[in-house]
Amino acid sequence: MKKIEVITRPYKLDEIKEKLTGLGIKGMTVSEVKGFGRQRGHTEVYRGAEYQVDFVPKVKMELVVEDGLAGEVIKAIQAAAQTGEVGDGKIFVSTIDEVIRIRTGETGNAAI
Amino acid sequence: MKKIEVITRPYKLDEIKEKLTGLGIKGMTVSEVKGFGRQRGHTEVYRGAEYQVDFVPKVKMELVVEDGLAGEVIKAIQAAAQTGEVGDGKIFVSTIDEVIRIRTGETGNAAI
Amino acid sequence: MKKIEVITRPYKLDEIKEKLTGLGIKGMTVSEVKGFGRQRGHTEVYRGAEYQVDFVPKVKMELVVEDGLAGEVIKAIQAAAQTGEVGDGKIFVSTIDEVIRIRTGETGNAAI
Amino acid sequence: MNAADTAFVLISAALVMLMTPGLALFYGGMVRTKNILGTLMHSNILLGTVSVLWAIVGYSLAFGGDVGGIIGNFDFAFLNGVGQTAKEGVDNIPHLAFMIFQCMFAVITPALITGAFAERIKFSGFLLFTALWLLVVYCPMAHWVWGGGWMAKMGALDFAGGAVVHMSSGASALAAVLYLGRRHGFGKQSFIPHNLPLTILGAGILWFGWFGFNAGSALAANGLAASAFVTTHLAAAAAAFSWIIVEWWHRGKPTTLGMASGAVAGLVAITPAAGYVTPMPAILMGLVAGGLCYGGVLLKSFFKYDDALDVVGIHGLGGTFGALATGLFATKAVNELGADGLFYGNPEQLWIQFVSVVATWVFCFVMTLILFKIVDVMVGIRVSQDDEIKGLDVSQHSEVGYQL
Amino acid sequence: MNAADTAFVLISAALVMLMTPGLALFYGGMVRTKNILGTLMHSNILLGTVSVLWAIVGYSLAFGGDVGGIIGNFDFAFLNGVGQTAKEGVDNIPHLAFMIFQCMFAVITPALITGAFAERIKFSGFLLFTALWLLVVYCPMAHWVWGGGWMAKMGALDFAGGAVVHMSSGASALAAVLYLGRRHGFGKQSFIPHNLPLTILGAGILWFGWFGFNAGSALAANGLAASAFVTTHLAAAAAAFSWIIVEWWHRGKPTTLGMASGAVAGLVAITPAAGYVTPMPAILMGLVAGGLCYGGVLLKSFFKYDDALDVVGIHGLGGTFGALATGLFATKAVNELGADGLFYGNPEQLWIQFVSVVATWVFCFVMTLILFKIVDVMVGIRVSQDDEIKGLDVSQHSEVGYQL
Amino acid sequence: MNAADTAFVLISAALVMLMTPGLALFYGGMVRTKNILGTLMHSNILLGTVSVLWAIVGYSLAFGGDVGGIIGNFDFAFLNGVGQTAKEGVDNIPHLAFMIFQCMFAVITPALITGAFAERIKFSGFLLFTALWLLVVYCPMAHWVWGGGWMAKMGALDFAGGAVVHMSSGASALAAVLYLGRRHGFGKQSFIPHNLPLTILGAGILWFGWFGFNAGSALAANGLAASAFVTTHLAAAAAAFSWIIVEWWHRGKPTTLGMASGAVAGLVAITPAAGYVTPMPAILMGLVAGGLCYGGVLLKSFFKYDDALDVVGIHGLGGTFGALATGLFATKAVNELGADGLFYGNPEQLWIQFVSVVATWVFCFVMTLILFKIVDVMVGIRVSQDDEIKGLDVSQHSEVGYQL
Ligand SMILES: Nc1ncnc2c1ncn2[C@@H]1O[C@H](COP(=O)(O)OP(=O)(O)O)[C@@H](O)[C@H]1O
Ligand SMILES: Nc1ncnc2c1ncn2[C@@H]1O[C@H](COP(=O)(O)OP(=O)(O)O)[C@@H](O)[C@H]1O
Ligand SMILES: Nc1ncnc2c1ncn2[C@@H]1O[C@H](COP(=O)(O)OP(=O)(O)O)[C@@H](O)[C@H]1O
């Protein structure tokens with residue numbers, strides 16, 4: 001099984017999620033993260049003191065899918081998340097050795 | 001070494017942690033995440049406008065363990081986290097190539 | 001490509017980031033996590049009721065780098081994050097199968 | 001000059017002043033995190049700019065000698081002649097006390113409008129707009145109703161600002177959002193309040209300050225003040241209750257935001273009537289206002305205008321209802337200087353109230369449209385889409401609200 | 001009729017009104033995130049429901065003509081005869097001012113109870129319970145003590161509500177939690193306050209409003225009001241200090257929650273005594289109250305009842321202590337209409353106070369148990385375990401507090 | 001004795017009391033999350049400790065019979081002789097009312113200092129320091145200016161505490177941070193406010209309470225009170241505006257923290273002048289204060305002292321400016337008991353003000369240095385570096401602010 005990690009713009013989350021459920025994806029896990037990259041951050045000023053903030057708010061989506069689905073899922077995500085502007089983010093794909101569904105004890109593809 | 005990622009109900013955290021320390025687990029890292037899955041979310045209503053919220057608060061626990069311990073750890077987690085209701089969550093297992101303890105520079109199993 | 005996950009003290013974040021940009025690292029993703037480990041937590045008291053809190057605030061940095069860079073990066077992180085006190089944290093290294101840059105569709109090292 | 005009345009009016013002025021920071025919280029809690037500071041700023045900075053303008057020229061335009069029933073003259077410009085002794089016609093308190101009590105009303109009225117164009121207005125344009133709006137909309141309105149202008153002469157009843165404060169801000173809000181257009185993502189993304197405890201606290205502070213607003217408008221610590229205090233409280237109470245009952249029935253759940261919104265709706269509705277009606281009609285007005293304004297906020301989804309925090313639905317509609325209901329329930333038994341309403345045998349009063357409603361809506365709506373156009377041409381009125389997505393806090397003020 | 005007294009009582013009423021939103025924050029900060037809105041709602045909605053009920057019939061039951069020393073009659077129902085002129089017996093202020101000042105007390109008293117059953121009560125049941133409680137517990141209690149009922153006739157001293165407000169809510173709180181049972185996870189999970197700054201702010205607002213509560217209870221802007229103001233402040237101050245000293249000694253650290261809790265404990269304790277004692281005994285009462293109520297909150301861990309936010313420990317115990325201490329420290333030198341206490345040569349007063357304490361506890365405890373049973377049968381009083389785990393915000397109100 | 005004045009002063013005292021919780025929020029929002037509770041505690045616990053000390057001995061030291069122009073005697077210790085009748089010399093209100101009004105000033109003054117040494121002071125040392133500071137710095141200062149001491153005799157004008165409250169806390173703040181040293185990470189890490197909405201709310205509450213502070217200082221509900229109310233409001237308004245204009249020009253953006261800071265700067269500057277100047281000079285003073293204090297806060301980056309929340313830059317500088325400007329703009333036309341300033345033909349007044357400024361700075365700075373040394377030796381004044389990194393909330397109070 002593959003783990004697909006997506007780091008992208010927060011306001012794209014709903015759109016991506018909808019695309020994915022369209023593909024039959026049943027689950028994913030999302031967290032708020034701060035990204036550092038080519039996209040410029042912003043300046044903050046408090047009582048005349050300037051601070052350069054390099055981190056930009058991003059969301060991270062993690063979803064584990066069957067090997068066969070990965071390609072399609074990645075394509076869907078890319079399509080939904082792309083704006084063409086710097087800061088669209090990345091997709092990281094890695095291998096998962098095992099998955100267990102806590103409720104039933106199922107493992108492997110059945111557990112996803 | 002194996003990385004065990006658990007996504008489960010927030011209020012189960014303490015129970016699982018205790019089980020794991022019982023097994024001799026020395027460390028883990030926890031974050032708050034939002035999960036999307038078979039478990040239904042809830043509805044929110046603000047001034048008559050309804051919003052369907054599909055994401056459910058979950059915790060993610062990450063722990064890296066020696067290969068030999070993984071099976072036992074997974075079993076313990078499953079036992080502690082299981083309620084039998086939809087939404088109990090998943091355990092994902094993957095392979096870690098290297099671990100370094102920052103304080104000492106130790107690597108591999110010694111660093112866990 | 002390698003994924004390097006660092007779990008360390010929050011106030012070390014800026015220092016590490018600067019070291020890494022010095023090495024030519026272009027991106028990373030950061031999240032706030034709670035760590036459980038050898039470092040002692042603290043006690044909280046609310047209206048006479050004592051609670052032992054074992055979790056300590058930590059940051060998690062994730063960065064994906066070309067295989068060749070990994071060693072150097074890890075060394076830099078360790079140097080910057082080390083205080084020598086319990087709680088400095090860990091570095092976990094794992095393998096990433098594929099990286100896609102959403103904006104351009106580039107893959108592999110070019111996408112990092 | 002009467003020390004007790006002076007004490008009462010000064011403390012009332014302080015209470016009304018607190019409403020503006022309270023309103024800032026009420027609104028601030030409802031926007032998204034990235035706009036919290038911008039929203040707090042919109043209300044609070046008016047304590048600065050409007051107060052200074054008021055002292056320089058606004059007060060005189062509103063309460064200076066009448067010029068054709070339309071506007072005041074410049075007699076009181078720079079607070080010339082506004083001193084520790086009484087004003088002609090309000091002889092129980094120092095002129096300065098009257099002026100500053102009125103100042104607080106002038107501050108909060110444009111602050112009310114800011115809920116409509118929240119999350120997308122450019123700060124420089126906002127500053128310019130509110131300054132102009134004060135001078136060409138608020139000051140005339142205040143003059144018409146309280147400064148001896150034509151509405152006063154016509155006999156329109158507006159105890160504490162149903163027309164001057166609430167309808168004027170509601171009508172201006174509608175013009176503003178029509179001009180400005182919808183927020184990016186409107187109807188697609190969910191615009192969910194980011195910090196409702198702030199909103200609830202803000203509503204509590206508003207309710208508290210409103211006692212200064214309405215009871216203080218008696219300008220004396222007498223039975224009328226007590227009566228206005230009571231009607232204010234009961235209308236707010238009834239509306240808080242009726243709003244949640246209506247939404248319970250409509251959407252299945254009573255909400256805390258509904259409770260807070262209802263309370264404000266009730267306070268708005270009773271404002272023009274506070275010193276003219278007895279307690280039971282006040283409860284009735286509150287009950288109606290809660291349900292009516294709940295319907296009012298639904299209108300925007302229907303007509304697809306983006307009145308972000310429901311200024312039209314609550315202040316516009318609530319103020320209008322209150323003004324008309326004053327024409328129904330007013331009675332001289334409460335206030336000799338008032339008039340009887342329809343239910344006390346004087347149908348004409350309802351007609352007078354109706355005229356004042358129409359005039360207020362038309363005047364404020366048109367003027368605001370014109371001002372938005374002028375400001376837009378001069379300095380721009382809406383932030384770029386990029387800035388809107390980043391949020392006003394970072395893009396307009398280089399700050400972020402929370403680092404928790 | 002006196003304008004200064006009218007101003008003072010009206011402003012005091014506004015201050016007391018603000019206590020309810022303040023209490024909402026005080027409580028709200030202490031619950032877990034998922035219950036913040038539900039908790040804010042519990043206090044604030046009573047501004048709506050209780051106020052309306054009060055105007056319709058509650059005021060009359062409490063302050064209408066005495067029926068057998070037990071309850072008021074219906075003379076003032078629908079505020080009939082409650083107008084801008086003075087009430088018989090309180091001839092310095094408009095009757096409406098007296099009524100609305102009392103209204104604010106009626107609102108906050110059931111709000112105090114809500115801390116006990118926080119995080120698990122069903123909203124519909126809650127609404128019904130508080131409505132019934134107002135009519136069959138609060139109104140009689142108010143009548144007994146302030147409306148010319150039997151406690152007043154007996155000579156019990158309760159300046160601003162030690163029995164009527166604090167003991168009554170404390171005793172009812174105990175009954176409520178015994179009936180309702182513990183929260184899911186009690187004793188196993190940690191129930192940690194989710195937003196202490198809200199709690200600290202709430203305590204500040206309570207302290208502020210309490211000046212209206214206690215000094216306002218003089219019903220005139222005179223030396224007695226000043227005296228009650230001072231004793232109130234000093235007791236709160238002393239108790240804030242003594243609480244943190246006691247916990248510093250007991251647990252090793254002085255806490256901010258302790259400081260806030262202590263202040264409230266001191267305010268509770270001085271409430272019955274405020275207009276009868278001199279400043280130094282007030283400080284002493286505060287010092288004792290801080291330590292005593294600290295002990296009071298420890299009781300729940302010992303006896304394992306789940307009084308979530310310590311209403312029994314603080315209001316029940318603090319109010320009881322205050323009532324008894326009034327029997328010790330009261331002196332006619334402060335208030336001619338009062339009585340001397342034990343330390344001023346009148347041991348009987350302590351006995352009278354004791355009787356009033358026992359009667360209050362028994363009456364309120366029993367009545368609340370009965371009401372809980374009735375409400376439980378009618379609409380249900382506790383949420384399902386699933387809803388409790390989800391939290392009241394989502395399950396009862398379809399809202400969430402924060403989207404930061 | 002006058003009931004209206006009594007009502008006014010009591011309510012004013014309540015307003016001033018609320019400033020301390022307001023200040024706690026203002027400061028609390030600006031620190032980092034890990035110090036929020038410690039910071040709230042620093043202000044609020046003084047309501048406890050200072051109030052009790054004030055009743056026991058502080059009030060007497062400040063307002064008891066004059067001893068050599070330096071200090072009061074012990075006549076009023078334990079509030080002996082402070083009763084419901086009037087004080088000699090202040091014959092319109094109960095002595096207790098005067099005492100408690102002054103008490104609130106004594107509480108907030110040391111609270112102001114706490115902004116300077118935020119995020120690193122040891123709680124026990126803090127408690128000891130503030131207790132000593134009250135007795136040996138504040139009480140003498142209050143006596144000099146308001147208790148018939150040498151500054152009063154010299155003719156220095158300080159209506160509501162430019163010297164006694166603001167300069168004294170500013171000068172003490174400077175001494176404190178020089179003694180204490182910089183926070184760990186100063187100049188390297190970014191010290192960013194963690195919750196600006198709290199700060200904005202705090203500023204709103206301060207502004208509100210300041211009406212009690214300044215207008216209440218008239219000690220009567222008269223024209224002078226109205227005048228002080230107006231000058232207070234307009235100076236705050238003007239300074240809120242000028243601060244953001246200056247920073248807009250200097251850093252490219254107007255900030256909400258700037259708006260709040262400017263308002264406070266204006267309030268500080270007008271404090272000594274409030275009852276002596278007319279509205280237009282008040283606006284001018286506000287405009288200058290906003291810009292000046294903006295410059296003031298930049299000083300710390302330049303000189304590298306760590307005045308965490310800018311007590312020196314705002315209260316020290318603002319208070320000094322206000323005191324001197326009083327010497328320029330004061331006029332007997334506003335207050336017969338005052339004096340004319342330079343612009344009204346009396347250059348000597350400016351000299352008197354200057355002397356009072358220098359004396360205040362030197363006295364408070366030196367005394368605070370000495371007290372810090374004493375406290376440091378006795379119980380320690382700074383937390384360990386480890387505790388500082390953990391934050392005051394966990395290390396000093398065993399609590400955390402938020403569990404969202
Ligand atoms: N090498 C990396 N490792 C981990 N996360 C990265 C890496 N590079 C970029 N990211 C994440 O992707 C986000 C977007 O990257 P950025 O360089 O700004 O734009 P783009 O992806 O369009 O090139 C960053 O904010 C960061 O969170
Ligand atoms: N394929 C997946 N990838 C990543 N996370 C998942 C996946 N499926 C489920 N999850 C996580 O597990 C949680 C529980 O899943 P859910 O389908 O609701 O219940 P169950 O695990 O009992 O079948 C989800 O909220 C989500 O966080
Ligand atoms: N086995 C592990 N798996 C995941 N995270 C771990 C593990 N061990 C430690 N950590 C993380 O590293 C942090 C530091 O570990 P700790 O044992 O306290 O100190 P040190 O790294 O100096 O030995 C912990 O707070 C936790 O977040």
Side-chain angles (χ1 to χ4, degrees), chain C residues 3-18 20-21 25-64 81 83-90 92 102-103, chain E residues 26-27 29-32 115 185-196 199-200 203 243-265 290-302 304 306-314 317 404:
Chain C
K3 179 195 224 182
I4 299 172
E5 278 182 278
V6 188
I7 291 151
T8 192
R9 304 183 195 275
Y11 74 89
K12 283 288 188 182
L13 177 59
D14 281 336
E15 212 170 318
I16 301 174
K17 196 196 69 188
E18 250 156 67
L20 291 176
T21 48
I25 293 294
K26 290 270 163 25
M28 71 185 79
T29 301
V30 172
S31 45
E32 287 168 18
V33 297
K34 299 182 292 179
F36 171 76
R38 283 160 197 81
Q39 187 187 359
R40 288 186 319 130
H42 63 269
T43 305
E44 297 177 20
V45 184
Y46 300 99
R47 287 189 169 166
E50 266 189 8
Y51 302 93
Q52 185 57 37
V53 176
D54 297 325
F55 289 101
V56 181
K58 298 280 170 194
V59 284
K60 178 164 99 175
M61 310 168 66
E62 295 171 83
L63 51 164
V64 174
T83 70
E85 304 287 314
V86 172
D88 279 354
K90 315 277 180 196
F92 300 131
I102 293 173
R103 171 162 50 95
Chain E
F26 182 67
Y27 280 169
M30 278 189 271
V31 299
R32 289 164 292 170
F186 180 79
K188 274 176 289 171
Q189 293 165 36
S190 15
F191 292 160
I192 290 185
H194 89 286
N195 195 338
L196 280 180
T199 296
I200 310 293
W243 183 301
I244 65 166
I245 294 300
V246 170
E247 67 179 357
W248 207 338
W249 161 80
H250 179 236
R251 285 293 190 198
K253 290 281 168 62
T255 70
T256 57
L257 178 58
M259 179 261 301
S261 308
V264 172
L292 188 75
C293 293
Y294 179 76
V297 307
L298 297 182
L299 290 180
K300 76 173 173 187
S301 318
F302 192 77
K304 306 245 176 280
D306 185 10
D307 176 15
L309 311 178
D310 298 306
V311 184
V312 181
I314 294 180
L317 229 73
L404 297 176

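Throughout, a chain's letter reflects where its sequence line sits, starting with A, and its residues are numbered from 1.
- A 4.5 Å side-chain heavy-atom check between E/Leu257 and E/Met30 finds at least one atom pair inside the cut-off.
- Between C/Val33 and C/Val59 the shortest heavy-atom distance is CG2-C, 4.1 Å.
- Proximity to chain E at a heavy-atom threshold of 4.5 Å picks out nothing from residues 5-17 of chain C.
- Listed here is the closest heavy atom pair of E/Ala260 and E/Ile200: CB-CD1, 4.2 Å.
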Below 3.5 angstrom, are there any donor-acceptor pairs between chain C and chain E, and if so, which atoms and how far apart?
| from | atom 1 | to | atom 2 | distance (Å) |
| --- | --- | --- | --- | --- |
| C/Arg47 | NE | E/Ser261 | OG | 3.0 |
| C/Arg47 | NH1 | E/Leu309 | O | 3.0 |
| C/Arg47 | NH1 | E/Asp310 | OD2 | 3.0 |
| C/Arg47 | NH2 | E/Ser261 | OG | 3.1 |
| C/Gly48 | O | E/Arg251 | NE | 2.8 |
| C/Gly48 | O | E/Arg251 | NH2 | 3.0 |

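- With a threshold of 4.5 angstrom between heavy atoms, E/Ile244 does not approach chain C through any atom at all.
- Separating the CG atom in C/Asp88 from the OG1 atom in C/Thr83 is a distance of 3.5 Å, to the nearest 0.5 Å.
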